[in-house]
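To start, the structure itself, in structure tokens.
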2 protein chains.
Amino acid sequence: MDTTPFIEYINKYVNLTSKEETLLLSKIVFRNYLKDQYIIQQGDVCKSVNFIISGCTKTFYMDLEGQEHIVMFSIEDWWTSDLGSFITQTPADFNVQCLENTKVAQFTFDNLEKLYAEIPKLERLFRMIVERAFAASQKRIIRSFSLTAKERYLIFREAYPKIDQRVPQYMIASYLGITKEFLSKIKSQLIYDQ
Amino acid sequence: MDTTPFIEYINKYVNLTSKEETLLLSKIVFRNYLKDQYIIQQGDVCKSVNFIISGCTKTFYMDLEGQEHIVMFSIEDWWTSDLGSFITQTPADFNVQCLENTKVAQFTFDNLEKLYAEIPKLERLFRMIVERAFAASQKRIIRSFSLTAKERYLIFREAYPKIDQRVPQYMIASYLGITKEFLSKIKSQLIYDQ
DNA sequence: AAATGATGTTAAACTAGATTAACATTTACT
DNA sequence: AGTAAATGTTAATCTAGTTTAACATCATTT
């Protein structure tokens, strides 16, 4: 497996010596998942934080009525996990499922703790990554309360054009917190608006 | 100002030497805000990450119609900032305003960068803090999409009984993403349910 | 190319929650 | 104590988004 995109990503945040790079690579599992396979399953303890080398995943929560609620999509150069489950090593609230064949660089819980001890710079790396994710998450909360579904859809399309084209509409509706029927209505309104 | 609760909090996450403790304290501003004062204002670049020693704040976003949307409340032993603004040093989306007289331990942007360099353990501290905040934020997104307003209110009351009692109902309604009138209706239903 | 399953659309009836407006209660100030 | 301001309640009307159901389109397999 080609580890270059992963190492290049890391080096944007922290400069690793070649020794550290070797150590890091030795503790990471590079893994291929097929379309529809689960990287993380609700109820299991989440054992990994995953960097996506190629492919696409959805993170979703299945509610008591069996309805799927998509929390996020992840594509190349993004991370995916159930961080709440991972950091506390308790059962996951979320599923992470592949929407395409997906290659990931996987940090397991034990390996990551060891890596933090051996390469303290990685604390900085993950601090920065999680800070960004948290800031994005807070903005999303605001949007879900202060904007209409139509406005949220337009922002989504602008912000994630690559995802918009790769993912079926009914999943985008779920991400936006609306039904697929209503998204369909919004889209036909948008065509009419022009 | 009594710095004990702050140092005790830090030591729950990382063990500082007394030298590090002294250095840390020298780079922190302890500050008193009065009720209604702003710690952070929308539009300004956010210059601080704040640990609350005593008091209570609301973090909110004012939309184009002049409506307030509360993102979070913070009380003793919590943190508050506009992290998106802080890490990128761009204008803040959020306001942080004191709901009571509030004492904080303040990390400014420049000081925090220096502290990270001098006490690398702090990278670990903030990594862990932000991880928790992010996990909580993702759960909140799910709740806002998969639960009714009544269910969200009950969870809020359970999870944050201390805040529920300190904050007016109309702000709790804003946090829940509903109107004060509808929260009032929910409450009267709950009394009737018993 | 026919058949099956997955995805997307339309429209009618419905509901959770918003809006408006009038009133009640509590708090804080003089 | 009395008044004004802030907070909370109730009820009628309205609307963004849901539900249900029927149909349309597209992709995949045989």
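Residue numbers begin at 1 in each chain, while the letters A, B, ... track the order of the sequences.
A:Gln138 pairs by the side chain to side chain donor-acceptor pair (under 3.5 Å) definition with nothing, not counting sequence neighbours. Partners of A:Lys121 by salt bridge (charged side-chain N to carboxylate O under 4.0 Å, His left out), not counting sequence neighbours, listed by chain and number: A:Glu20. Under the rule for a ring-ring contact (aromatic ring centres under 6.0 Å, His included), the partners of A:Tyr160 that lie at least two apart in sequence or sit in another chain are A:Trp78, A:Phe156.
In this structure, B:Tyr170 places its OH atom 7 Å from C1' of D:dT7, rounding to the nearest Å. Rounded to whole Å, the distance from CD on B:Gln165 to P on D:dT7 is 18 Å. Across the protein-nucleic acid pair, A:Leu176 atom CG and C:dG8 atom P stand 13 Å apart, rounded to whole Å. Note: CD (A:Gln169) to P (C:dT10) measures 12 Å, nearest angstrom. Between the CZ atom of B:Phe145 and the P atom of C:dA16 there is a distance of 19 Å, rounded to whole Å. What separates CG of B:Asp164 from P of D:dG8 is a distance of 11 Å, to the nearest Å.
Within the structure, salt bridge (charged side-chain N to carboxylate O under 4.0 Å, His left out) contacts touching residues 87-104 of chain B (residues at least two apart or in different chains) are A:Lys139-B:Asp93, B:Glu100-B:Arg166. Screening residues 35-46 of chain B for side chain to side chain donor-acceptor pair (under 3.5 Å) gives B:Gln42-B:Asn95 as the qualifying pairs, with residues at least two apart or on separate chains. Sorted by first and then second residue, the pairs that involve residues 86-106 of chain A and meet ring pair (Phe, Tyr, Trp, His ring centres under 6.0 Å), not counting sequence neighbours, are A:Phe86-A:Phe109.
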Under 4.0 Å protein heavy-atom contacts per nucleotide of nucleotides 25-30 of chain C, with B for base, S for backbone only and - for none = ------
Once base and sugar-phosphate atoms are separated, protein heavy atoms under 4.0 Å mark nucleotides 23-30 of chain D, 5' to 3', with B, S and - as --------
Quick one, give me the B/S/- string for nucleotides 11-22 of chain D, reading 5' to 3', where B means a protein heavy atom under 4.0 Å from the base and S means that only happens at the primed atoms, P, OP1 or OP2.
-> ------BBBBB-
Under 3.5 Å, sequence neighbours excluded: what are the donor-acceptor pairs made by side chains of residues 167-176 of chain A?
{"residue": "A:Ser174", "atom": "OG", "partner": "A:Glu68", "partner atom": "O", "Å": "3.2"}
{"residue": "A:Ser174", "atom": "OG", "partner": "A:Ile70", "partner atom": "N", "Å": "2.9"}

Please list every donor-acceptor pair under 3.5 Å in which a side-chain atom of residues 23-34 of chain A meets a protein atom from a residue at least two apart or in another chain.
{"residue": "A:Ser26", "atom": "OG", "partner": "A:Leu23", "partner atom": "O", "Å": "2.6"}
{"residue": "A:Arg31", "atom": "NH1", "partner": "A:Tyr33", "partner atom": "OH", "Å": "3.3"}
{"residue": "A:Tyr33", "atom": "OH", "partner": "A:Gln106", "partner atom": "NE2", "Å": "3.0"}

Show your working on side-chain contact (heavy atoms from CB on, under 4.5 Å) between A:Val71 and B:Ile142 and close with a plain yes or no.
-> CA-CA 7 Å; A:Val71 197; B:Ile142 281 306; 3.6 Å; yes
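B:Ile87 and B:Ile40 fall into different hydrophobic clusters, where Ile, Leu, Val, Met, Phe, Trp and Tyr side chains are chained together by heavy-atom contacts under 4.5 Å.
Taking the screw axis at each terminus of the helix from C:dA1-D:dT30 to C:dT30-D:dA1 from five consecutive base pairs, the angle between the two is 40° to within rounding of 10 degrees.
Residues A:Tyr13 and A:Phe126 place their aromatic rings such that the two centres sit no closer than 6.0 Å.
A cation-pi arrangement, defined by a distance under 6.0 Å to the six-membered ring centre and an angle within 45 degrees of its axis, is present between B:Lys58 and B:Phe60.
Taking a cutoff of 4.0 Å between a charged side-chain nitrogen and a carboxylate oxygen, B:Lys114 and B:Glu118 do not qualify as a salt bridge.
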